[in-house]
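This report concerns only the one structure given below.
Chain A is the first sequence line, chain B the second, and so forth, proteins listed ahead of strands; every chain is numbered from 1. Predicted model, so just to flag it, every value in this text is computed and none were measured.
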Amino acid sequence: MLEKSYDPHAVEKRWYAFWEEEELFEAKEKSSAPAYSIVIPPPNVTGVLHMGHALNNTLQDVLCRYRRLRGDNVLWMPGTDHAGIATQNVVEKKLAEEGTDRHRLGREKFIEAVWAWRKKYGSAIINQLKRLGASCDWKRERFTMDEGLSRAVRKVFVELYREGMIYRGDYIINWCPRCRTALADLEVEHEVHEGHLYHVRYPAETGEGGLVVATTRPETMLGDTAVAVNPEDERYQNLPFAAVRLPLVGRILPIIKDDYVDRAFGTGALKITPAHDPNDFDIGARHNLASVKVIGDDGIMTKEAGRFVGMDRFACRKAVVEALKKEGLLEKMEPYQHGIGHCYRCRTLIEPNLSRQWFVRTKPLAEKAIAAVETGKTRIIPEVWTKTYFDWMRNIKDWCISRQIWWGHQIPAWTCASCEEVTVSMETPAKCSSCGSDRLVQETDVLDTWFSSALWPFSTMGWPEETSLLKTFYPTSVLVTGFDILFFWVARMMMMGLHFMKEVPFHDVYVHALVRDEMGKKMSKSSGNVIDPIDIIEQYGTDAFRFTLVAFAAQGRDIKMSEKRVEGYRHFMNKLWNAARFSLMHIEKELPVSDPETLSLPDRWILSRKNRVAGEIAEALDTYRFNDAAGILYQFVWHEFCDWYIEIVKPVLYGKVNEKKKLETQAVLGHVLGEVMILLHPFAPFISEEIWNKLPGVTGSIMKARFPGDSKDSIDGFFDPSSESRMMRIMEIVSGVRNVRGEMGLPPSMPLEVVIHANDAELLDSLQNHRDILVSLAKLKELSLSVDGPKPKMAATTVVDGATVFTLLKGVIDFSKEGQRLEKEIGKLTGEMGILSAKLNNEDFLRKAPPEIVKKAEEKHELMVERQQKLETNLRRIQEIIR
RNA sequence: AGGCACGUAGCUCAGUGGGAGAGCACUACCCUGACACGGUAGGGGUCAAGAGUUCAACUCUCUUCGUGCCUACCA
């Protein structure tokens with residue numbers, strides 16, 4: 001016998017190990033079964049599992065386990081990415097604790113240290129995914145820095161370079177002075193800050209007058225090389241001078257005219273710092289201005305900053321402002337809000353900085369990626385994200401892919417020390433491709449981590465080799481991801497996949513929600529509202545946690561996570577456990593289910609319902625309506641299987657009917673329980689496997705079972721609407737009597753006497769055949785059934801379609817209560833009828849509404865009238881009794 | 001600045017051009033031989049506000065208010 005309540009811990013460990021041993025997660029390279037593949041969004045190797053991962057991977061696992069049950073050959077490709085900046089940060093911190101740093105170690109030794117770190121800590125998140133139940137094909141686990149994937153990266157770089165799609169140049173880029181590297185535009189997060197707008201007078205070169213410029217970053221003025229005004233601006237049409245003198249520095253700045261300048265902003269005069277502002281950089285290029293870099297890569301002022309050299313950029317701002325004040329050139333200083341970029345890794349203020357970097361020309365790649373979604377080769381679900389995808393793709397800018405760190409794929413480019421030509425190649429070249437010199441120096445920069453992640457769907461499958469894995473599983477079936485990396489990752493995979501594989505990387509992209517805290521705030525370490533998935537798993541079990549995530553994963557809506565909710569679904573797990581406990585107490589051995597046509601009504605009903613529900617769940621999962629799938633299953637298990645079927649079947653199982661029925665019922669109960677476990681398995685893999693294996697006659701994993709409906713046998717294909725509706729009638733009557741019991745305050749311990757008048761012959765027949773159900777579920781001591789007859793005098797009345805149910809109230813009862821109950825019932829009914837009859841009295845409705853709608857309304861109205869009449873008759877009778 | 005989503009029961013959320021739903025919470029009764037992590041019954045909503053389209057609007061359109069999020073080079 002099963003324990004009284006479900007204890008997840010031992011069960012989870014045991015089954016996960018079993019699945020791995022039995023190689024049940026492994027994909028077949030070749031198979032006649034349909035291929036289904038997903039590549040995992042590779043978590044950072046430095047990462048620990050957070051709620052976002054938990055949701056993301058639960059959904060993927062649901063899909064993978066579901067497809068396996070449907071008979072597909074499933075590949076769920078796992079792995080991690082090397083997270084260049086993040087990992088380097090972690091290891092550098094560790095070195096600092098040890099009193100050293102990477103420069104003292106040197107590049108080679110440092111890389112070794114990172115690999116050592118990865119060996120020791122890099123599988124933390126993988127182990128956490130296993131606790132979540134993730135059924136990844138672990139033997140194929142990949143890492144973006146693996147030999148194979150690195151070769152793919154090099155190949156892609158070389159090919160893009162040869163095609164002219166990669167170039168190097170001096171441009172203004174986002175620079176993180178703390179990480180000491182360039183960042184892509186996407187890696188900069190904007191945040192509104194309270195700052196100041198400083199109005200600074202730049203005296204005319206002639207000495208008389210001058211211009212006032214407005215800036216939020218006065219320290220950059222040291223690098224100004226011009227002042228710009230709008231060509232249309234009348235104020236500056238006929239200036240008596242052509243140049244101004246840069247305060248604190250003394251450099252003469254030309255006054256240039258450019259459309260970019262907004263006349264309405266500030267004074268309409270804009271200082272131009274090509275080395276430290278992206279717009280100024282463009283303007284500088286247009287006007288051939290010099291660039292003066294006054295802030296170094298370390299965030300310290302360079303010697304170009306004159307007397308401010310060596311100052312930190314923030315200290316320098318203060319010093320510049322003070323100096324300007326002293327010279328009387330600071331005209332105004334007003335509070336000002338403006339967006340400032342921060343490094344997405346370390347939150348340091350980004351410095352737009354002039355530097356030499358490598359870029360990918362994205363426009364041509366983006367065009368193909370746009371077309372693929374336009375033509376439906378890749379679908380984005382939910383569709384709302386399609387627009388976001390297009391917007392970004394159509395406004396895409398070149399992608400800065402070089403990073404000034406050590407941990408990553410070193411760019412395969414060599415500069416010749418003799419002729420300065422660049423050689424790009426797969427293998428380390430011996431000689432300069434231009435002049436033949438052997439004095440080659442490799443580029444020290446590494447590539448953006450996302451550059452390698454962009455190749456993930458095919459690099460993990462062995463590309464550039466033409467592997468059978470690629471043939472079988474590329475394009476992948478679906479990518480499951482959060483919208484936060486739609487651009488970072490999804491868009492780039494689309495571009496690279498289409499360019500190198502000539503085929504989209506995935507047919508579907510399912511974009512899921514964010515997991516927030518119960519107040520709806522984003523979980524973050526700094527807010528202290530992070531819930532650790534592993535804590536939840538330990539407290540409530542993996543299955544309850546997974547079910548919670550799935551049940552709340554409605555399309556387009558964020559999930560507010562709280563322990564309370566998980567607790568609710570733990571109750572569901574316990575309910576399942578106890579349903580199994582009960583069932584298994586009554587099933588001694590495996591029994592074949594008889595031909596459904598010969599079975600009893602409740603058996604036919606539950607089989608038919610189970611099959612219908614299986615179909616609904618399949619449909620929901622096929623369309624990524626995860627929450628619907630979970631909801632349908634929950635409802636069926638709890639409120640049909642447990643509340644009704646098990647209750648109905650108890651007398652049979654306790655041997656109160658006959659042996660043959662008992663065996664038949666045991667067979668059906670066992671069958672439905674097993675099928676429920678299969679339906680449950682994608683969501684709650686552990687408990688379903690545990691219970692499955694307790695079923696008599698079962699050997700081996702539930703993972704090898706077939707989804708209901710797929711076996712195409714007579715039981716799985718059994719649908720019986722007539723039994724469904726007949727059972728519904730019986731349940732209605734039971735509920736009706738229970739309602740009387742509850743409302744009238746009749747104790748559950750008191751068996752009741754019920755008289756039913758059913759003028760519907762079929763219903764009467766059905767009730768006569770199943771009077772045992774009514775007696776047991778409504779707790780009756782006597783039940784009389786007839787077409788008609790004398791109405792019992794002292795009774796409460798329930799009216800259902802085709803029958804009137806009298807619950808006898810002889811003796812103990814307060815009849816005014818029954819009067820009130822009937823009045824309430826009639827009141828409800830009258831309200832509904834009012835709306836309906838108004839409709840039916842409306843000429844336009846009768847004329848314009850579709851006939852079937854009108855007919856439905858008429859039928860309904862008729863039933864209501866009948867019901868109302870019956871209720872009123874009985875109300876009058878009750879009132880007479882009271883009087 | 002532009003764009004996108006969301007406002008439905010006390011809370012968290014499903015839902016749809018023709019009968020307002022679930023879970024939790026709440027109330028009453030019940031230790032009924034699977035389960036008190038349970039059972040039975042019950043109360044509770046002008047579906048944010050206003051206008052329009054329609055025979056019919058919670059659902060479609062517009063406006064307003066409120067709440068989130070994303071994108072953007074305005075110094």
Side-chain angles (χ1 to χ4, degrees), chain A residues 1-2 4-6 172 190 197-198 213-217 220 228 260-262 264-273 277-283 336 338-339 352 382 384-385 387-388 391-392 395 483-484 486-487 514 516 518 520-522 540 544 551-552 554 556-560 562 564-565 567-586 625 627-628 631 634-635 638-639 642-643 646-647 650 654 734-735 738-743 745-749 777 779 832 835-836 839 842-850 852-854 856-857 860 864:
Chain A
M1 185 149 88
L2 266 50
K4 204 170 169 183
S5 59
Y6 174 59
I172 195 134
H190 292 270
L197 190 60
Y198 303 87
V213 300
T215 180
T216 55
R217 307 193 54 207
T220 63
Y260 170 80
V261 181
D262 179 359
F265 191 93
T267 59
L270 173 64
K271 67 191 246 346
I272 303 295
T273 325
D277 183 284
N279 298 309
D280 293 6
F281 177 81
D282 291 342
I283 295 169
Y336 190 71
H338 57 141
V384 283
W385 292 105
K387 194 174 149 41
T388 313
D391 283 351
W392 190 75
N395 295 309
F483 58 81
D484 46 338
L486 196 60
F487 307 139
L514 238 54
R516 300 175 174 279
E518 58 188 318
K521 282 209 210 88
K522 206 168 166 171
Y540 300 97
F552 284 100
R557 193 153 201 154
D558 287 347
I559 298 175
K560 290 182 194 163
S562 83
K564 208 109 200 265
R565 270 162 225 164
E567 198 183 344
Y569 286 99
R570 183 182 63 180
H571 295 172
F572 179 55
M573 295 303 140
N574 195 240
K575 188 73 181 176
L576 279 158
W577 182 255
N578 275 285
R581 182 169 181 258
F582 170 82
S583 305
L584 294 168
M585 276 163 54
H586 292 278
R625 284 160 30 236
N627 61 318
D628 284 345
Y634 183 97
Q635 170 68 30
W638 203 312
H639 299 303
C642 292
D643 287 354
I646 286 184
E647 293 305 324
K650 273 178 181 174
Y654 282 118
V734 169
S735 297
R738 282 170 173 174
N739 171 273
V740 169
R741 192 189 281 278
E743 296 274 291
L746 305 173
S749 52
L777 293 195
K779 286 225 167 89
E832 284 175 45
I835 300 164
L836 207 55
K839 225 179 204 180
N842 185 339
E843 280 291 317
D844 283 328
F845 174 69
L846 298 174
R847 211 173 57 241
K848 292 184 181 171
E852 67 270 21
I853 297 290
V854 177
K856 218 170 132 190
K860 196 178 161 192
M864 283 175 141

Legend entry - P gap between B:U59 and B:C6, integer Å: 13 Å
Inset, instruction - Using heavy atoms to find the nearest nucleotide of RNA chain B for A:Lys848 and A:Phe552 separately, return the residue whose nucleotide is more 5′. - result: A:Phe552
Legend entry - A:His571 NE2 to B:G39 C1', straight-line distance once rounded to whole Å: 15 Å
Inset, instruction - On the 0 to 90° scale, with breaks at 30° and 60°, tag the A:Tyr654-A:Phe582 ring pair as parallel, tilted or perpendicular. - result: perpendicular
Inset, instruction - Let me see the working for A:Arg738 and A:Leu777 under side-chain contact (heavy atoms from CB on, under 4.5 Å), right down to the final yes or no. - result: CA-CA 9 Å; A:Arg738 282 170 173 174; A:Leu777 293 195; 4.0 Å; yes
Inset, instruction - Could you tell me which nucleotide pairs with B:U54 by Watson-Crick or G-U wobble geometry, both distances under 3.5 Å, or answer none if nothing does? - result: none
Legend entry - Nearest-angstrom distance, P atom, B:C30 to B:A9: 33 Å
Legend entry - Between P of B:A56 and CD of A:Glu843, the distance in whole Å: 14 Å
Legend entry - Residue matched to B:C69 through Watson-Crick or wobble contacts both under 3.5 angstrom: B:G3
Legend entry - A:Lys779 NZ to B:C29 P, straight-line distance once rounded to whole Å: 17 Å
Legend entry - Residue A:Lys564, side-chain heavy atoms: nucleotide from B:A34, B:C24, B:U40 that is nearest: B:C24
Inset, instruction - Can you tell me, in whole Å, how much space there is between the C1' of B:A51 and that of B:U12? - result: 32 Å
Legend entry - Side chain proximity check, A:Tyr260 to A:Leu270, heavy atoms < 4.5 angstrom: yes
Legend entry - Closest-nucleotide ordering on RNA chain B, the 5'-leading residue of A:Lys650 and A:Gly742: A:Lys650
Legend entry - Listed nucleotide nearest any side-chain atom of A:Lys560, set B:G42, B:C37, B:U12: B:U12
Inset, instruction - Just compare B:C37, B:G39, B:A41 and give me whichever is closest to any side-chain atom of A:Ser735. - result: B:A41
Legend entry - Separation between the P atoms of B:A75 and B:G15, rounded to whole Å: 41 Å
Legend entry - Check: A:Asn578 side chain, A:Asn574 main-chain N or O, donor-acceptor pair, under 3.5 Å: yes
Inset, instruction - If the plane angle is over 60° it's perpendicular, under 30° parallel, otherwise tilted; pick one for A:Phe572 and A:Trp638. - result: parallel
Inset, instruction - Please measure how far the C1' atom in B:C58 lies from the corresponding atom in B:A14, and state the result in whole Å. - result: 13 Å
Legend entry - Shortest side-chain distance from A:Arg581, nucleotide among B:C37, B:C30, B:A34: B:A34
Inset, instruction - Using whole Å, report how far CG of A:Leu846 lies from P of B:A56. - result: 13 Å
Inset, instruction - Would you classify A:Tyr654 as touching base, sugar-phosphate or nothing, given that sugar-phosphate means primed atoms plus P, OP1 and OP2, and contacts are heavy atoms under 4.0 Å? - result: base
Inset, instruction - Remember a base hit wins even if backbone is also touched, and classify A:Ile835 as base, sugar-phosphate or nothing at under 4.0 Å, heavy atoms. - result: nothing
Legend entry - Whole-angstrom distance between B:G21 and B:U16, as gauged at atom P: 15 Å
Inset, instruction - Measure distances between side-chain N and O atoms of A:Glu743 and base N and O atoms of B:A28, and say whether any donor-acceptor pair falls under 3.5 Å. - result: no
Legend entry - Between C1' of B:A34 and CG of A:Leu576, the distance in whole Å: 12 Å
Inset, instruction - Just call it for A:Asp628: base, sugar-phosphate, or nothing, with non-hydrogen atoms closer than 4.0 Å on any strand. - result: sugar-phosphate
Legend entry - Polar contact flag, side-chain donor to acceptor under 3.5 angstrom, A:Thr273-A:Lys271: yes
Legend entry - C1' atoms of B:G39 and B:G33, separation to the nearest Å: 14 Å
Legend entry - Note, A:Asp280 side chain near A:Thr220 side chain (heavy atom, < 4.5 Å): no
Inset, instruction - Calculate the interatomic distance between A:Asn578 atom CG and B:G39 atom C1'; express it in whole Å. - result: 13 Å
Inset, instruction - Would you mind classifying the nucleic acid contact of A:Pro850 as base, sugar-phosphate or nothing, using non-hydrogen atoms under 4.0 angstrom? - result: base
Inset, instruction - Report yes if a side-chain nitrogen or oxygen of A:His639 is closer than 4.0 Å to either non-bridging phosphate oxygen (OP1 or OP2) of B:G23; otherwise report no. - result: yes
Inset, instruction - Indicate yes or no for a side-chain donor-acceptor contact from A:Arg741 to the backbone of A:Lys779 under 3.5 Å, with no hydrogens or angles considered. - result: yes
Legend entry - Phosphate-side-chain proximity, A:Trp638 and B:G39, N/O vs OP1/OP2 below 4.0 Å: yes
Legend entry - Pairing partner (Watson-Crick or G-U wobble, both distances under 3.5 angstrom) of B:U27: B:A41
Inset, instruction - Could you let me know what B:A48 is paired to, Watson-Crick or G-U wobble, both distances under 3.5 Å, or none if it's on its own? - result: B:U64
Inset, instruction - Considering just the side-chain nitrogens and oxygens of A:Lys839, establish if one lies under 4.0 Å of OP1 or OP2 belonging to B:G18. - result: no
Legend entry - Under 3.5 Å donor-acceptor pair, A:Lys575 side-chain atoms to B:C35 base atoms: yes
Inset, instruction - Measure the distance from NZ on A:Lys856 to P on B:G17 and round it to the nearest whole Å. - result: 13 Å
Legend entry - N/O (side chain, A:Lys4) to phosphate O (OP1/OP2, B:A36) under 4.0 Å: yes
Inset, instruction - Indicate, with a heavy-atom threshold strictly under 4.0 Å, whether A:Asn395 touches base, sugar-phosphate, or nothing. - result: nothing
Legend entry - Selected nucleotide, minimal atom distance to A:Cys642 side chain, candidates B:A34, B:G42, B:G38: B:A34
Inset, instruction - Determine, using ring centers only, whether A:Tyr634 and A:Tyr569 are less than 6.0 Å apart. - result: yes
Inset, instruction - For A:Arg570, report the nucleic acid contact type (base, sugar-phosphate, nothing); a contact means any heavy atom under 4.0 Å. - result: base
Inset, instruction - Could you work out which one of B:G19, B:G42, B:G18 sits closest to the side chain of A:Lys860? - result: B:G19
Legend entry - Between B:C70 and B:U53 - P atom distance, rounded Å: 39 Å
Inset, instruction - Report the distance from atom OH of A:Tyr569 to atom P of B:G23, rounded to the nearest whole Å. - result: 9 Å
Inset, instruction - Report, as a single string ordered 5' to 3', how protein heavy atoms within less than 4.0 Å touch nucleotides 70-75 of chain B: B base, S sugar-phosphate only, - not at all. - result: -S-BBB
Legend entry - Euclidean distance, A:Met573 CE relative to A:Tyr540 OH, rounded to 0.5 Å: 14.0 Å
Legend entry - Close side-chain approach of A:Phe845 to A:Ile853, heavy-atom, < 4.5 Å: yes
Legend entry - Residue A:His586, side-chain heavy atoms: nucleotide from B:A34, B:C55, B:C37 that is nearest: B:A34
